[in-house]
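Protein chains get the first letters and strands the later ones, always in sequence-line order, with residue 1 at the start of each.
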Number of protein chains: 2
Amino acid sequence: MPVGRRPGSYVCGTDAAMDIIDGKWKVSILWALGEEGVRRFGELRRLLPGVTEKVLAAQLRELEADGIVHREDYAEVPPRVEYSLTEIGHQLNEALAPLGVWGKRHVLGVEPAVR
Amino acid sequence: MPVGRRPGSYVCGTDAAMDIIDGKWKVSILWALGEEGVRRFGELRRLLPGVTEKVLAAQLRELEADGIVHREDYAEVPPRVEYSLTEIGHQLNEALAPLGVWGKRHVLGVEPAVR
DNA sequence: CCGCATCCAATTCGATACTG
DNA sequence: CAGTATCGAATTGGATGCGG
């Protein structure tokens, strides 16, 4: 019932949050879902160059289990499955925004426009 | 000269920042250094239950290489080495704060005090 | 189209012992 | 005290092939 994969072993909230987004493609998935809102599986695959189907599916399932991503299976032929952020997922995305600003500035070397 | 371990392969700022704090103990190290300001090696080891000397030293060296942590070696006998956050490190810590709040609420289940 | 199964490669982390 | 050296375990991710 608790969220995350090592419940009870966190030393701080940041540590706990890191566990949720731990996975090579997870923040990219959040980023991709935050922009448009709803994405199909193949669409996500194209948005994340280099990811394999297996790993993408695995990370989506983990995010779903942690309540970050909603999965809608339309049970059609051919199959159609749509992914979107839950309310908590959107809040996570917002909580990640300052980190993105920091990364742009200090890792990518992009200074913010003007003063 | 660029910071991070996979320069040029980031799709967004958050992704880039994640690379810097990727490592089992790194956010805990940031957290420990953010509280007091200056910590000795053995002090950090005691603050992070379960970390081994080898891994702690390795992650500190990476954080130092990325400009997050400052290492001051006093070249004394017995040895004394002190670690602290750089200015960029402090900014990273601040950028992580919202994530910590989110984690406390949604992973640890701690609601914010009062309304 | 969406995904699972299997096998394999790479990386990371932990345990232990040792050194200036 | 503050590390390094070596080894092995565990986890993660990639490649490929098959299935509803």
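Judged purely by atom type and a 3.5 angstrom limit, A:N93 uses its side chain to pair as donor or acceptor with the backbone of A:L30.
Atom OH of B:Y74 is separated from atom P of C:dG20 by 25 Å (rounded to the nearest Å). If you take CG of B:L56 and P of C:dT16, they are 18 Å apart, rounded to a whole angstrom. If you take CD of B:E82 and P of D:dC1, they are 14 Å apart, rounded to a whole angstrom. Rounded to whole Å, the distance from CH2 on A:W25 to C1' on D:dG14 is 10 Å.
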Close N/O contacts between protein and nucleotides 2-4 of chain C (under 3.5 Å):
unit_1: C:dC2; atom_1: OP1; unit_2: A:R40; atom_2: NE; d: 3.1
unit_1: C:dC2; atom_1: OP1; unit_2: A:R40; atom_2: NH2; d: 3.2
unit_1: C:dC2; atom_1: OP2; unit_2: A:G42; atom_2: N; d: 3.0
unit_1: C:dG3; atom_1: OP1; unit_2: A:R71; atom_2: NE; d: 3.2
unit_1: C:dG3; atom_1: OP1; unit_2: A:R71; atom_2: NH2; d: 2.3
unit_1: C:dG3; atom_1: OP1; unit_2: A:Y83; atom_2: OH; d: 3.2
unit_1: C:dG3; atom_1: OP2; unit_2: A:Y83; atom_2: OH; d: 2.9
unit_1: C:dG3; atom_1: N7; unit_2: A:E53; atom_2: OE1; d: 3.2
unit_1: C:dG3; atom_1: O6; unit_2: A:E53; atom_2: OE1; d: 3.3
unit_1: C:dC4; atom_1: OP1; unit_2: A:R61; atom_2: NE; d: 3.3
unit_1: C:dC4; atom_1: OP2; unit_2: A:R61; atom_2: NE; d: 3.2
unit_1: C:dC4; atom_1: OP2; unit_2: A:R61; atom_2: NH2; d: 2.7

Pairs: protein N or O with nucleotides 9-12 of chain D N or O, under 3.5 Å:
none

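The structure places CD1 of B:I68 at 12.0 Å from OG of B:S84, a figure rounded to the nearest 0.5 Å.
Here the side chains of A:V51 and A:L44 are not in contact, with every heavy-atom distance at 4.5 Å or above. Looking at A:W31 and A:L47, their side chains never come closer than 4.5 Å, going by heavy atoms from C-beta outward. B:V69 places none of its side-chain heavy atoms less than 4.5 Å from the side chain of B:T86.
In the set C:dC1, C:dG14, D:dG13, D:dG13 carries the atom at the smallest distance from any side-chain atom of A:V55.
A salt bridge links A:R80 with A:E82: the closest approach of a Lys/Arg side-chain nitrogen to an acidic carboxylate oxygen falls below 4.0 angstrom.
Looking at B:H106 and A:Q91, their side chains do bring a donor and an acceptor atom within 3.5 Å of each other.
Counting only residues at least two apart or in different chains, side chain to side chain donor-acceptor pair (under 3.5 Å) contacts with residues 48-62 of chain B comprise B:K26-B:E62.
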